[in-house]
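Just so we're on the same page: letters track the sequence lines, and every chain starts at 1. Just so we're clear, the structure is a prediction, and the values are computed from it rather than from any experiment. The analysis underlying the following values was restricted to heavy atoms, covering all of them including side chains, and did not include hydrogens, waters or symmetry mates.
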Protein chains: 2
Amino acid sequence: MIGRVEDSVDRHLVRWRGKAPYDERVEGVVTRMQFLVKHLKQFKEAALAQVGMQDFEFETLHRLVAAGGSATPSKLAAEMLLSPAGMTGRLDTLERSGLVRRVRGADDRRRVDVELTPKGRELWTEAMAIRGRVESELVSVLDAGEQQTLDALLKRLLVQAESHR
Amino acid sequence: MIGRVEDSVDRHLVRWRGKAPYDERVEGVVTRMQFLVKHLKQFKEAALAQVGMQDFEFETLHRLVAAGGSATPSKLAAEMLLSPAGMTGRLDTLERSGLVRRVRGADDRRRVDVELTPKGRELWTEAMAIRGRVESELVSVLDAGEQQTLDALLKRLLVQAESHR
DNA sequence: CGAGCATATTTCGCCAGCGAATGTTTCGTC
DNA sequence: GACGAAACATTCGCTGGCGAAATATGCTCG
């Protein structure tokens, strides 16, 4: 390893040296991403509890705001890599909390439009600051140039992943 | 953006330009990691279905092999960022499938030793090749140097995340 | 030596998400 | 213009994971 500092994945990898036909670099990259995502999820959940919201609720509101305040469930589901059934569940809880409203499409009555309520937008704004703080705290250990490098590399992987479907 | 190729996160980000007080780079990094992990999970689940195994079963066996063939549930849970209760559930299904065996610790009878069965080791070996192939296919769009750069950056983030606890 | 405190695991009730099946509405085609 | 196929959302049954409480064992100290 390069530096003297170790993370849990280093400790995991050294146990494997020579034990299996096995690309250490690939394992490292994959495992670290998995752990980072899991840690982020836990940090954000703890932070968002301050405003009585759950991570998945915020993410859904967030996508909805990005879409201009309204979108169809299937579109949201696809964007968030979620099954349609899962999205129905999310929307149920959001609607029950009054953060979101469902409206049958006037033109095509198979569709449903999901709209952000004023209360939903308000809570999203609050949560926005919280989430930004948590994510920044993590990513800011890298300087601007390093962040850009990291982002570019991740993007190339994601392009590959998304082309595979 | 640097290249002309776009991924879904690019498309997401451009909608946000100027709309919120919001670090685009941080959002990019975080969202791409989340999506990559989710994609990986889906790819691996599809691939592992060939040997009738689920992703979480493989990961558990994997950690168990790394630990030398046996470990305690709480140790495994901690290593995998899982709650003790969750680990009990995993071990239940693994034991039911005969891939793993639980043995009460002889010295300290509060403890349980989880041991890999021969069948478990055999199936792990099979799955190993499959998983390696899927992960490599993704990560190999980067050359060796790029992989190393990526790994080093991820590691610095993970060190930060793990120190936060 | 026994009462309480600590440790390790499991049980219990709950929740989010998935795949498959269902009910509607719309479209394409003959 | 009617009928089969496709598009959308939802319901249903199931599963993995979580937090809190329960259980069982070990340790410590008066």
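In the hydrophobic cluster analysis, where Ile, Leu, Val, Met, Phe, Trp and Tyr join through side-chain heavy atoms closer than 4.5 angstrom, Phe56(B) is grouped apart from Leu48(B). Hydrophobic clustering (ILVMFWY, side-chain heavy atoms < 4.5 Å, transitive): Phe58(A) and Leu81(A) are in one cluster.
Listed candidates were dG19(D), dA9(D), dA16(C). Nearest to the side chain of Ser83(B) is dG19(D).
The residue among Gly89(B) and Thr72(A) whose nearest nucleotide of DNA chain D lies closer to the 5′ end is Thr72(A).
Side-chain contact check for Ser8(A) and Glu79(B): no donor-acceptor pair (N or O, by modelled atom type) lies under 3.5 Å.
Contacts with DNA chain D (heavy atom under 4.0 Å) in residues 92-110 of chain B: Asp107(B), Asp108(B), Arg109(B), Arg110(B), listed by number. The stretch residues 74-82 of chain A touches DNA chain D through Ser74(A), each having a heavy atom within less than 4.0 Å of the strand.
Rounding to whole angstrom units, CE of residue Met87(B) and P of dT11(C) are separated by 15 Å. Rounded to whole angstrom, the span from the CD atom of Glu45(A) across to the C1' atom of dA16(C) amounts to 11 Å. The interatomic distance linking Lys41(B) (NZ) with dG16(D) (C1') rounds to 9 Å, in whole Å.
A salt bridge is defined here as a Lys NZ or Arg NE, NH1 or NH2 lying under 4.0 Å from an Asp or Glu carboxylate O, and Glu137(B) with Arg133(B) fails to meet this definition. Electrostatic pairing of Lys41(B) and Asp55(B) does not count as a salt bridge here, judged by no charged N lying under 4.0 Å from a carboxylate O. Arg90(A) and Glu59(A) are not joined by a salt bridge, as no carboxylate oxygen comes within less than 4.0 angstrom of a charged side-chain nitrogen.
At a threshold of 4.0 angstrom between heavy atoms, the contacts of Pro84(A) include nucleobase atoms, whether or not backbone atoms are also involved.
An end-to-end axis angle of 0° holds for the helix from dC1(C)-dG30(D) to dC30(C)-dG1(D), taken from five base pairs per end and rounded to 10°.
Trp16(A) and His62(B) have parallel rings, their planes meeting at less than 30° on a 0 to 90° scale where 60° marks the start of perpendicular.
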